[in-house]
Number of protein chains: 2
Amino acid sequence: MISHMDDVAGLEHDRDRLGRSSTAERVADILRERIAQGFFSPGQRLSEEAIGAALGVSRNTLREAFRLLSHERLLEHRLNRGVFVRVLSTDDVADLYRVRRVIEVSAVRHASAEGIAAMREAVEDGERAARENRWREVGTANIRYHQALSRLNGSQRLDDLMRQLLAELRLVFHVMRNPRSFHEPFVARNRTLLELLAAGETEKAERELVSYLDDAEALLMEAYRPQP
Amino acid sequence: MISHMDDVAGLEHDRDRLGRSSTAERVADILRERIAQGFFSPGQRLSEEAIGAALGVSRNTLREAFRLLSHERLLEHRLNRGVFVRVLSTDDVADLYRVRRVIEVSAVRHASAEGIAAMREAVEDGERAARENRWREVGTANIRYHQALSRLNGSQRLDDLMRQLLAELRLVFHVMRNPRSFHEPFVARNRTLLELLAAGETEKAERELVSYLDDAEALLMEAYRPQP
DNA sequence: AACATAAGTATTGTTCAACAATTCGACAAG
DNA sequence: CTTGTCGAATTGTTGAACAATACTTATGTT
């Protein structure tokens, strides 16, 4: 009997992807994607009645979804006034990059062969998309790159934090008028950092990463200053 | 006209302390405290009907509170089965200490005079409580100490992460039979680390901290192995 | 006795309708 | 131009209802 179980053992890994589908969570998934794609603009209010009617769910269920996204800092819940798509201040951007420096610098010190392979894939995807002038894809490849970098830490919780953090940053990206000017310089720098890590040059890699993040923050701040 | 506005300008800072009291959040506060104090045991199921009746709130409101605490990883939501007080595995403990190493080591590198003062207060509270054999207070002082340490990073988000992380660790502490044996050694080590930081010996401080966390993790794992 | 199956119960998931509480804009009064 | 008041619109919260799922107990078969 047990011999038959061995065939099924591999499935246990995917088990959590089955049961975890309550309506509220699926609603949250939909809204999260819409926000990430810029379908909802920062500052926009999300009406319970309108969205509830549009998705065909009750207000209570929708409110549960709102709570989830508020906790992820994608929505902002103001008492008796509703939920709004988060508007990041320059202080928020500064804080996000403080966290990125902590997590990603630590990741560089934990570099491993398998982890670097995942980064390499993201780099090549980004380079390919850049050659074909698909800058939206360059952006997503860049996000995958930094997720892979963060994963070097080997911590589920830091991965979650990084994912949430990059989702917040997307709120800023959508405000920028010219995505190419922001993403273009970092295609090459992703490659540079990758090769330094692959060569075991962690010292140089760390310096490159810090300079990388400083530049990215400065560029973002520059593009973000006008309308705060 | 604008000159009159200057008087009010200082109030904007306190604005967030006004509205923040919805029933669901207050319920979450109560439950969070109960969990922290070990009133609810890890693994215990929290019945919607029972707790809703005890607190005098409707199921819908209570469920919103459950969502909040589930997202903080204090409760675990299993579909169609209810919410349970989280039971941490040894893998969880290992992950928590991975995150602590990243955050706290980074904090050591950002040490500043004002931040160290807050740590000194926590150290002295802990030493006082230890002299008077109040080991529960030693535990809370220790938590305050590490929160103050984390605050050296100067990041709101890292502070939040640290607070959540220490709340999770409390779930483990309650399983231990003898709190004294766990907390006692670290009263002196908190002082040691503090003085190294105050003296600007960041190199030594970092080594001490890493060794500190390694020992704490090992001790916790040892006490935690029997019953998972 | 062991095991599978089926019925029944309890609990959660979701919706709906209602009302209280709060915000916001408009308009009037000073 | 400020202040006060009214009313519409929206959120906050409740309670009840029903569906969907999990747990328990009883039942029947081998």
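Sequence lines set the chain letters: A, B, ... in the order given, protein chains first and strands last, and positions in each chain run from 1.
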*Is there a side-chain polar atom (N or O) of T61(B) under 4.0 Å from OP1 or OP2 of dT14(D)?*
yes
*asked:* If I take atom CZ in residue R81(B) and atom P in nucleotide dA10(C), what distance separates them, rounded to the nearest angstrom?
replied: 18 Å
*Name the residue closer to the 5' end of DNA chain C, choosing between N60(A) and G82(B) according to the nucleotide with the nearest heavy atom.*
G82(B)
*How do E48(A) and L62(B) order along DNA chain D: which one's closest nucleotide is nearer the 5' end?*
E48(A)
_dG13(C), OP1 or OP2 - any side-chain N/O from R63(B) closer than 4.0 Å?_
yes
*asked:* Between T23(A) and dT14(C), is there a contact of a side-chain N or O with OP1 or OP2 at under 4.0 Å?
replied: yes
_Distance-only donor-acceptor check, side chains N190(A) and Y212(A), under 3.5 Å_ = yes
*Is the distance from OP1 or OP2 of dT11(D) to the nearest side-chain N or O of R45(A) less than 4.0 Å?*
yes
*Cationic tip of R34(B) within the cone over F39(B)'s six-membered ring, i.e. under 6.0 Å and within 45° of the normal?*
yes
*What closest approach, in Å, do E48(A) and F66(A) show between heavy atoms, and which atom pair accounts for it?*
CG-CE1, 3.9 Å
*For the pair R67(A) and E72(A), find out whether any cationic side-chain nitrogen is under 4.0 Å from an anionic carboxylate oxygen.*
no
*Hey, does G52(A) reach any base, or is it just sugar-phosphate, or nothing, if we go heavy atoms under 4.0 Å?*
nothing
